[in-house]
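Here it is, the structure in full.
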Amino acid sequence: MGKLTIGVSSSLVGSMSLDFAVKLAEAAIDKGHEVDFWVSGNATLLSKKTQRPFRDYSHLGKKVGELIGRGLEAAACESCCEARGLQKEDTMEGWKRYGMEWYLASCFSADRILYIGDE
Amino acid sequence: MGKLTIGVSSSLVGSMSLDFAVKLAEAAIDKGHEVDFWVSGNATLLSKKTQRPFRDYSHLGKKVGELIGRGLEAAACESCCEARGLQKEDTMEGWKRYGMEWYLASCFSADRILYIGDE
Amino acid sequence: MKLGIFVSHFRFNTSSYERIKSDKLGVIFVQNGIFHATVKENNRSSPLLEKSADFFVLSEDLETHGFRRSDVDGKVRVINYSDLVNLIFNEYEKLAWL
Amino acid sequence: MKLGIFVSHFRFNTSSYERIKSDKLGVIFVQNGIFHATVKENNRSSPLLEKSADFFVLSEDLETHGFRRSDVDGKVRVINYSDLVNLIFNEYEKLAWL
Amino acid sequence: MALKKCAFIIDKAPYKKETSRLALTHAIASQSAEVYLDDGDNIEPLVAFIGDGILNCLKNQRALDIYGVTSLEMHIKNALLLGLNVYVCKEDLERLGLSEDSIVMDADLIGGESKTKIVSFEKIQELMEECDHLMFF
Amino acid sequence: MALKKCAFIIDKAPYKKETSRLALTHAIASQSAEVYLDDGDNIEPLVAFIGDGILNCLKNQRALDIYGVTSLEMHIKNALLLGLNVYVCKEDLERLGLSEDSIVMDADLIGGESKTKIVSFEKIQELMEECDHLMFF
């Protein structure tokens with residue numbers, strides 16, 4: 001079993017890259033791999049609580065919560081959050097907020113890295 | 001003098017299309033035109049209060065507030081806001097929240113429309 | 001019609017751009033569209049400049065990227081936001097952001 | 001090296017794609033990259049399929065867009081998310097999302 | 001008493017950007033714009049798919065099952081059901097090797113009124129000229 | 001005691017996407033990753049601009065004056081100041097008609113240590129092969 005670090009900076013809605021990343025994380029965890037999940041830039045909105053489910057948008061928050069329960073390490077870039085008006089108290093349970101060096105340290109110990117820097 | 005309706009759906013940070021739209025709105029108001037400003041999709045984040053200014057990002061919230069004081073009609077798509085966890089009480093002063101039909105009605109009375117649907 | 005087209009990308013599918021016709025046509029290069037007014041890839045001007053149109057580039061976006069007026073192709077007129085407002089209200093009736 | 005490249009766009013600047021070399025190369029079409037595995041523009045397969053590589057397309061993204069397995073170019077293998085995890089851990093050491 | 005025509009031109013493929021979805025939701029919303037307008041005033045939307053935008057129109061999109069998002073197919077059917085004029089560029093269908101069979105032509109399963117019209121780019125050009133406002137998605 | 005090399009490859013132009021900015025801020029952050037690592041372990045970043053990415057490197061960017069955002073030029077100078085290895089693809093400079101004079105070569109005004117290295121794509125290919133992880137921006 002290995003460790004995969006996924007980094008994403010795409011918007012919560014639009015490119016669906018976060019949808020891809022969450023599904024990939026789930027598939028890896030299903031197979032017993034360890035997954036670190038890093039969101040920066042616009043992707044930090046995924047760490048916000050009170051996302052209301054709408055049929056026009058996927059509702060990823062709930063799924064990530066489940067995956068955190070199954071061992072996913074999910075962290076959001078602190079300064080990217082703040083710049084978007086997301087305060088510490090807006091963070092969904094189980095998520096961490098760190099500086100970017102956390103992601104780099106995660107890359108250090110990862111067997112594979114997929115960084116999705118589309119936006 | 002005429003009326004310009006600007007619609008934008010791009011992220012607050014990333015494409016800088018909102019930066020463009022706000023500068024265009026300002027230039028039009030400076031010349032005495034009337035401007036309606038509609039944000040939908042990811043652009044609705046512009047209507048959120050407590051955006052913390054960071055040097056890596058433009059701080060558009062303040063400028064839009066000034067323009068509202070000078071007559072800009074700024075409105076955000078209600079369902080696009082809700083889908084992103086933005087509640088009514090998160091809305092910056094002076095902004096309105098409407099259904100998409102408000103934008104269409106604004107188009108009806110506009111002399112010019114610029115819709116920026118980049119994302 | 002009198003149409004103003006905004007080009008904001010360097011790389012994009014140009015099929016709409018190539019096909020749209022207009023009695024009066026203006027092309028305004030903004031954001032990364034400014035590369036079409038400044039960069040000569042393999043020593044050639046952008047194919048976008050071959051269209052029969054009046055071309056404009058936004059000075060603010062030119063300077064954001066580090067270009068100067070002297071870098072701009074001779075076919076393209078440099079304008080600022082204030083000029084752009086005049087173009088929008090006085091020259092073109094419909095606008096398309098591609 | 002053993003490199004897996006993710007292609008997620010239909011239209012993009014392919015200069016990195018064309019130039020990167022790898023002893024072992026896999027190309028995985030996801031999101032709008034799936035059009036390279038399905039659409040024959042002007043009756044021709046995507047030029048991306050000319051690269052010497054193993055090609056894969058994500059079935060979930062194929063079906064999201066309304067395509068079926070029978071629409072996929074013969075050069076491309078259809079995989080799902082679970083297969084993708086195996087590819088990532090067993091076949092490729094480095095990954096690039098273009 | 002006035003009627004203003006708005007053309008919603010979709011030239012980008014779906015799912016990688018939100019823009020085509022917003023085109024359809026905005027176009028559909030035109031029908032309730034009256035609440036903000038004077039009696040007799042109205043907005044008439046038309047939706048045209050050109051270029052890569054025609055890839056929004058494919059049948060059997062499974063976005064809802066797989067990713068939990070409504071498909072563009074559902075939005076197009078909704079537009080047809082509400083009687084909006086929906087056009088698809090013929091030359092682009094040919095260019096991308098798609099047939100009339102492969103795209104959404106009506107909302108019949110849910111009782112639709114209008115049909116997708118497959119027309120030449122020349123016709124779409126004419127429609128753009130006739131309309132009062134133009135928006136690209 | 002181990003060293004892992006991470007390549008940050010930037011192949012997209014700036015400002016229209018946030019990605020090149022995030023590449024540089026992440027690359028710079030490698031230098032403080034030690035706080036999360038065991039003694040002696042470290043991450044060595046390298047930054048390479050290829051394709052349209054070289055348009056990030058132009059001098060005299062006025063993004064801060066005009067739009068109130070730090071320019072990519074400032075981020076690159078910051079990276080050089082901190083001693084990061086920064087590479088620019090020679091063939092792409094030629095292809096887009098840019099000279100060494102027109103791009104950021106050092107952070108001299110703020111006391112920089114390293115210089116931008118203009119190298120062939122072949123060299124960048126080698127660097128990608130040598131690194132442990134690859135990220136495209």
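Order of the sequence lines sets the chain letters (A, B, ...), proteins ahead of strands, with each chain counted from 1. It should be emphasised that the depicted structure is a prediction, and the values quoted were computed from it without experimental measurement.
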Would you say CD of E100(E) has more than 12 non-hydrogen atoms from neighbouring residues, nucleotides or ligands within 6.0 angstrom?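 Open.
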
Problem set entry | Reported OG1-to-CG distance for the pair T64(D) and L58(E), which is rounded to 0.5 angstrom |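 So the OG1 of T64(D) and the CG of L58(E) are separated by 12.0 Å.
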
For N90(D), look at atom CG and say whether over 12 heavy atoms of other residues, nucleotides or ligands are found less than 6.0 Å away. yes

Notebook entry, point to check: K40(D): what forms a salt bridge (Lys or Arg N to Asp or Glu O under 4.0 Å) with it, not counting sequence neighbours?
Noted result: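 Partners of K40(D) under the salt bridge (Lys or Arg N to Asp or Glu O under 4.0 Å) test: D73(D).
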
Among residues 6-32 of chain D, residues within the sub-4.5 Å heavy-atom range of chain E, in order of number, are S8(D), H9(D), F10(D), R11(D), Q31(D), N32(D)

- Output every pair passing salt bridge (charged side-chain N to carboxylate O under 4.0 Å, His left out) with a member in residues 59-75 of chain E, not counting sequence neighbours, ordered by first then second residue.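 Passing the test, one end in residues 59-75 of chain E: E63(D)-R62(E), R62(E)-D65(E), E73(E)-K77(E).
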
Practice item. Run the numbers on Y67(E) and D61(D) for side chain to side chain contact (heavy atoms under 4.5 Å, CB included), then give the verdict. Key: CA-CA 9 Å; Y67(E) 287 107; D61(D) 290 355; 2.4 Å; yes

| request: Measure the CG-NE2 distance between N60(E) and H65(D) for me, rounded to the nearest 0.5 Å. | output: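 Interatomic distance, N60(E) CG to H65(D) NE2, rounded to 0.5 Å: 14.0 Å.
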
Ranking E94(E), K16(E), K12(E) by heavy-atom pairs under 4.5 Å to chain D gives rank one to K16(E)

| Hey, does L96(E) have a side-chain heavy atom less than 4.5 Å from the side chain of N42(D)? |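 The answer is no, as the side chains (C-beta and beyond) never meet within the 4.5 Å cut-off.
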
Taking a cut-off of under 4.5 angstrom between non-hydrogen atoms, the residues of residues 74-83 of chain D near chain E are Y81(D)

NZ of K51(D): more than 12 outside heavy atoms within 6.0 angstrom?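 Yes, the 6.0 Å shell around NZ holds more than 12 heavy atoms from other groups.
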
